[in-house]
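Input: a single structure, listed below in structure tokens.
Counting begins at 1 with the first residue of the sequence. Just so it is clear, the structure is predicted and the values come from calculations on it, not from any experiment. Both counts, for ligands and for their atoms, begin at 1 and track the order of listing.
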Amino acid sequence: MLTRNQIRALVNEHGHDIIEHEHMHIERGCYQHGCITTFAHSIRVACLAVWFADRLRLWDRVDLRSLIRAALLHDYFLYDWHDWDDGDHRLHGFTHGRTALRNALRDFRLNAIERDSIAHHMFPMTPTPPSYIEGYLVTVADKVSATRETISLKRFNRPALAHGAEHAGK
Ligand SMILES: [Fe+2]
Ligand SMILES: [Fe+2]
């Protein structure tokens, strides 16, 4: 079984160009849940998706590199969703998968697994399910991470601010 450090090393190995891309400074400055930035959330989702694949012994069925890259880009919408629709937030949940995919296609070369997993990661809020097992792993890891981050907000889990960087206004 992979350790936490091994999983993080895999995420860095397969996603280093995404993690280091200049547009990631936007994710580092936008908050996703509570005091967790979109960047930190995306790293968490990637690590958790790999953890699920490992613990469920899915390695003969999962493309690790596609899984990691889809997870890192699943919320690559590149805006602060708290501000995006005048605080209404009603449409963001339904539209940001497509926005993330559009931005990701502009900045990276993506295969079919990555494209589909990013576009449909909000299932079942959005009606179309992922077409690949990698997409289901991203979707589940996203929901588990979001729930944990929301709960940690309620507990005032301040260490998470280590990823929060400079966007102190939210
Ligand atoms: Fe999302
Ligand atoms: Fe997410």
Side-chain angles (χ1 to χ4, degrees), residues 7-8 10-12 14-15 18-19 21 23-53 62 64-108 110 112-154 157 160-165 167 170:
I7 289 172
R8 182 56 202 257
L10 286 170
V11 170
N12 288 341
H14 293 288
I18 295 172
I19 292 169
H21 193 277
H23 289 156
M24 273 297 171
H25 85 274
I26 300 173
E27 283 207 4
R28 286 187 171 92
C30 294
Y31 281 77
Q32 186 72 356
H33 306 110
C35 53
I36 307 295
T37 64
T38 307
F39 177 79
H41 167 74
S42 299
I43 296 287
R44 286 172 174 222
V45 172
C47 290
L48 187 58
V50 174
W51 187 89
F52 279 135
V62 165
L64 174 63
R65 179 176 172 83
S66 297
L67 174 66
I68 288 171
R69 296 176 76 79
L72 288 174
L73 291 168
H74 80 282
D75 279 337
Y76 196 66
F77 45 85
L78 302 179
Y79 56 80
D80 190 325
W81 64 268
H82 300 85
D83 299 333
W84 176 67
D85 54 355
D86 296 325
D88 199 17
H89 311 332
R90 280 186 300 180
L91 292 177
H92 169 77
F94 297 98
T95 62
H96 76 265
R98 289 197 304 275
T99 305
L101 176 60
R102 188 168 62 245
N103 290 338
L105 285 170
R106 180 194 61 203
D107 292 345
F108 306 98
L110 305 179
I113 295 172
E114 294 156 353
R115 292 195 302 268
D116 187 87
S117 301
I118 295 166
H120 303 306
H121 80 270
M122 288 303 287
F123 179 79
M125 175 183 274
T126 52
T128 306
S131 300
Y132 301 93
I133 191 169
E134 291 84 354
Y136 282 95
L137 290 169
V138 170
T139 295
V140 172
D142 182 39
K143 285 159 183 60
V144 171
S145 295
T147 302
R148 282 183 181 170
E149 291 159 9
T150 303
I151 291 172
S152 72
L153 164 67
K154 292 176 179 169
N157 186 9
L161 279 172
H163 298 286
H167 192 80
K170 289 287 178 186

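- With contacts defined as side-chain heavy-atom distances shorter than 4.5 Å, the pair D142/H41 qualifies.
- Exactly one of V45, T139, L101 qualifies for a side-chain contact (heavy atoms from CB on, under 4.5 Å) with H74. That residue is V45.
- Taking the six-membered ring where tryptophan is involved, the planes of H92 and H96 are essentially parallel, since the angle between them stays under 30° and well short of 60°.
- Applying side-chain contact (heavy atoms from CB on, under 4.5 Å) to L137 and the options V50, L48, V62 leaves one that passes, V62.
- Distances from the Fe ion (ligand 1) under 2.8 Å pick out these protein N/O/S atoms: D75 OD1, H96 NE2, H121 NE2.
- Per residue H41, closest N, O or S atom to the Fe ion (ligand 2): atom name NE2.
- Atom CZ of F77 and atom CD1 of I118 lie 12.5 Å apart (nearest 0.5 Å).
- Side-chain contact annotation: N103 with H23, donor-acceptor N/O pair under 3.5 Å absent.
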